[in-house]
Protein chains: 2
Amino acid sequence: MTRLESADTTTMQILKVAASHFAEKGLAGARVDEIARDAGVNKATIYYHIGGKAELYSEVFRANMHQSAEKLLSNVASKTSAEDKLRAYITTMVENLHDNPCAAPMMMREMASGGENIPEEGLNYVMRIFMTLTEILKQGQEEGEFRESNPAITHLMIIGSIMFYAAGEPMRQKLMTLFDGELPQQVFTDDGRLAAEISDLLVHALKN
Amino acid sequence: MTRLESADTTTMQILKVAASHFAEKGLAGARVDEIARDAGVNKATIYYHIGGKAELYSEVFRANMHQSAEKLLSNVASKTSAEDKLRAYITTMVENLHDNPCAAPMMMREMASGGENIPEEGLNYVMRIFMTLTEILKQGQEEGEFRESNPAITHLMIIGSIMFYAAGEPMRQKLMTLFDGELPQQVFTDDGRLAAEISDLLVHALKN
DNA sequence: GTCTATATACCGATAGAC
DNA sequence: GTCTATCGGTATATAGAC
């Protein structure tokens with residue numbers, strides 16, 4: 001546990017505000033002045049406590065990934081059957097992205113730039129999460145529960161679905177205000193139902 | 001057809017190079033100087049022919065969307081059954097994103113920022129593409145071919161899967177060099193097969 | 001540890017020669 | 001239409017007082 005994970009309220013507040021700015025504007029688009037203003041601290045405080053903009057970004061990314069990935073790996077490990085593990089994987093990921101709305105936009109930006117600014121610990125987690133799903137799929141296939149599938153594509157499909165759902169809220173709002181009358185009504189319900197629907201669709205796609 | 005769609009080689013070259021820069025670095029991260037250098041033109045030429053950085057971005061986005069969306073809508077319209085339309089929808093989208101590697105990263109960045117910099121024509125296309133899929137799903141359900149599903153979630157799942165696949169190539173490369181030995185081998189084949197695999201998975205998820 | 005003031009560098013955009 | 005040179009604004013980062 002590094003210094004920056006400590007419960008220093010000033011630092012935590014900076015990280016929290018920085019996350020939303022990085023999510024909405026990206027590393028290049030975010031402004032240190034604005035982060036300081038919205039966090040209610042002097043700009044020099046950020047440099048004193050954390051370092052430059054790049055360190056701030058790395059720490060935000062690292063902390064998010066750490067928390068989400070540990071919960072995901074733990075929840076999956078608590079199940080035994082492949083389908084239960086897959087549902088736990090999907091449900092936990094939906095929950096994580098719901099609890100932390102900045103995570104999906106930040107990860108999508110990183111995908112777009114080839115993961116250039118993902119800190120090393122983050123890449124390790126990306127890898128572990130991928131390998132975990134690969135093993136779930138392998139287990140399901142060996143037990144005859146899942147049909148054969150390319151694990152890389154399946155992985156991308158699951159992650160992509162959930163990420164796009166999680167990051168898509170502002171876009172949906174924009175489209176709904178622009179094309180009010182033309183959209184089919186009642187497409188969105190509560191988050192619990194949505195996680196279940198995504199799980200159902202994906203499990204349905206993979207099962208024999 | 002606007003002036004910027006004309007076959008002026010200088011302008012086309014600028015747009016082509018700008019697309020790759022916007023895809024990799026985003027609007028805020030891209031540098032006009034670098035775009036001019038890589039396009040082999042003087043920086044002032046960009047301002048003379050196109051306008052500022054924002055106009056350059058808008059035009060790149062608009063032209064990409066226009067070309068991709070027209071092809072998508074046309075290919076879907078040429079089919080009759082819901083499954084054929086769905087396969088055409090998915091296959092054409094995969095092809096489009098393959099032919100234009102900048103499209104997926106740019107769209108993912110726009111998702112992350114709530115579509116803030118999508119020009120109006122682009123938003124119209126986003127809406128038409130969404131409505132097209134909604135109607136395909138509706139047709140399939142009415143004909144008893146597809147099971148019931150929330151169209152918004154289904155839509156996000158399809159788009160998300162394909163976008164993540166298309167934009168994920170640099171990330172895959174990064175992970176493959178970092179975690180060479182640990183990855184399962186032969187996960188990636190040729191693009192035609194990949195499009196088919198994605199189609200199969202998604203159609204399988206939706207069919208009764 | 002927190003503030004003000006400022007250094008330093010960069011970047012988008014343009015003026016003006018040709 | 002294309003070049004050079006440069007302006008003006010802005011952003012990161014820091015020095016130094018308190």
Side-chain angles (χ1 to χ4, degrees), chain A residues 2-62 106 109-110 112-113 116-119, chain B residues 2-62 106 109-110 112-113 116-119:
Chain A
T2 70
R3 179 176 61 88
L4 294 177
E5 268 178 282
S6 66
D8 177 6
T9 53
T10 298
T11 300
M12 295 305 283
Q13 175 68 4
I14 292 169
L15 291 176
K16 184 180 157 193
V17 171
S20 70
H21 279 252
F22 287 137
E24 280 174 32
K25 303 155 185 282
L27 172 57
R31 298 292 166 240
V32 177
D33 297 74
E34 292 179 9
I35 293 171
R37 171 175 38 86
D38 292 356
V41 303
N42 190 280
K43 180 169 61 160
T45 306
I46 293 179
Y47 288 92
Y48 177 80
H49 279 278
I50 296 170
K53 194 200 210 182
E55 286 75 26
L56 180 55
Y57 182 87
S58 283
E59 180 54 24
V60 167
F61 204 99
R62 195 202 59 74
M106 286 182 73
R109 288 183 194 278
E110 284 301 329
S113 56
E116 206 182 14
N117 296 299
I118 300 182
Chain B
T2 69
R3 179 176 61 89
L4 294 177
E5 268 178 283
S6 66
D8 177 6
T9 52
T10 300
T11 299
M12 295 305 283
Q13 176 68 6
I14 292 169
L15 291 175
K16 184 179 156 195
V17 171
S20 70
H21 279 252
F22 288 137
E24 281 175 31
K25 303 156 186 283
L27 173 56
R31 299 291 164 238
V32 178
D33 297 74
E34 292 179 9
I35 293 171
R37 172 177 37 89
D38 292 357
V41 303
N42 191 281
K43 179 168 64 157
T45 307
I46 293 179
Y47 288 91
Y48 177 81
H49 279 277
I50 296 171
K53 195 198 204 183
E55 285 76 27
L56 181 55
Y57 182 87
S58 284
E59 180 53 24
V60 168
F61 204 99
R62 195 202 59 74
M106 286 183 74
R109 288 183 193 279
E110 285 300 330
S113 55
E116 205 181 14
N117 296 298
I118 301 182

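Letters go in sequence order (proteins before strands), and every chain restarts at 1. All values derive from a computational prediction rather than experimental measurement.
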Participant: Identify, residue by residue, the members of residues 19-45 of chain B with a heavy atom below 4.0 Å from DNA chain D, and return them in order of residue number, or none.
Facilitator: Asn42(B), Ala44(B), Thr45(B)

Participant: Looking only at non-hydrogen atoms, find the nearest pair between Gly29(B) and Ala28(A) and report the distance.
Facilitator: CA-CB, 3.6 Å

Participant: Please identify the 5'-most and 3'-most nucleotides of DNA chain D with any atom under 4.0 angstrom from a heavy atom of chain B.
Facilitator: dG1(D) to dT4(D)

Participant: Closest approach of Lys53(A) and Ala30(A), non-hydrogen atoms and distance?
Facilitator: NZ-O, 2.9 Å

Participant: List the residues meeting salt bridge (charged side-chain N to carboxylate O under 4.0 Å, His left out) with Asp33(B), not counting sequence neighbours, and say none if there are none.
Facilitator: Lys43(B)

Participant: With sequence neighbours excluded, tell me which residues meet side-chain hydrogen bond (donor to acceptor under 3.5 Å, both in side chains) with Tyr57(B).
Facilitator: Glu110(B)

Participant: Applying side chain to side chain contact (heavy atoms under 4.5 Å, CB included) to Val41(B) and Val17(B), what does each step give before you reach the verdict?
Facilitator: CA-CA 11 Å; Val41(B) 303; Val17(B) 171; over 6 Å; no

Participant: Could you work out, with side-chain contact (heavy atoms from CB on, under 4.5 Å) as the rule, every residue matching Ala18(A), not counting sequence neighbours?
Facilitator: Phe22(A), Ile35(A), Leu56(A), Val60(A)

Participant: Got a sec, which pairs hit salt bridge (Lys or Arg N to Asp or Glu O under 4.0 Å) with one end in residues 20-31 of chain B, sequence neighbours left out?
Facilitator: Lys25(B)-Glu34(B)

Participant: Roughly how many Å is it from CD1 in Ile46(B) to P in dA13(C), rounded to a whole number?
Facilitator: 10 Å

Participant: Locate the shortest heavy-atom distance separating Ser58(B) from Pro119(B); write the atom from each residue and the value.
Facilitator: O-CG, 3.7 Å

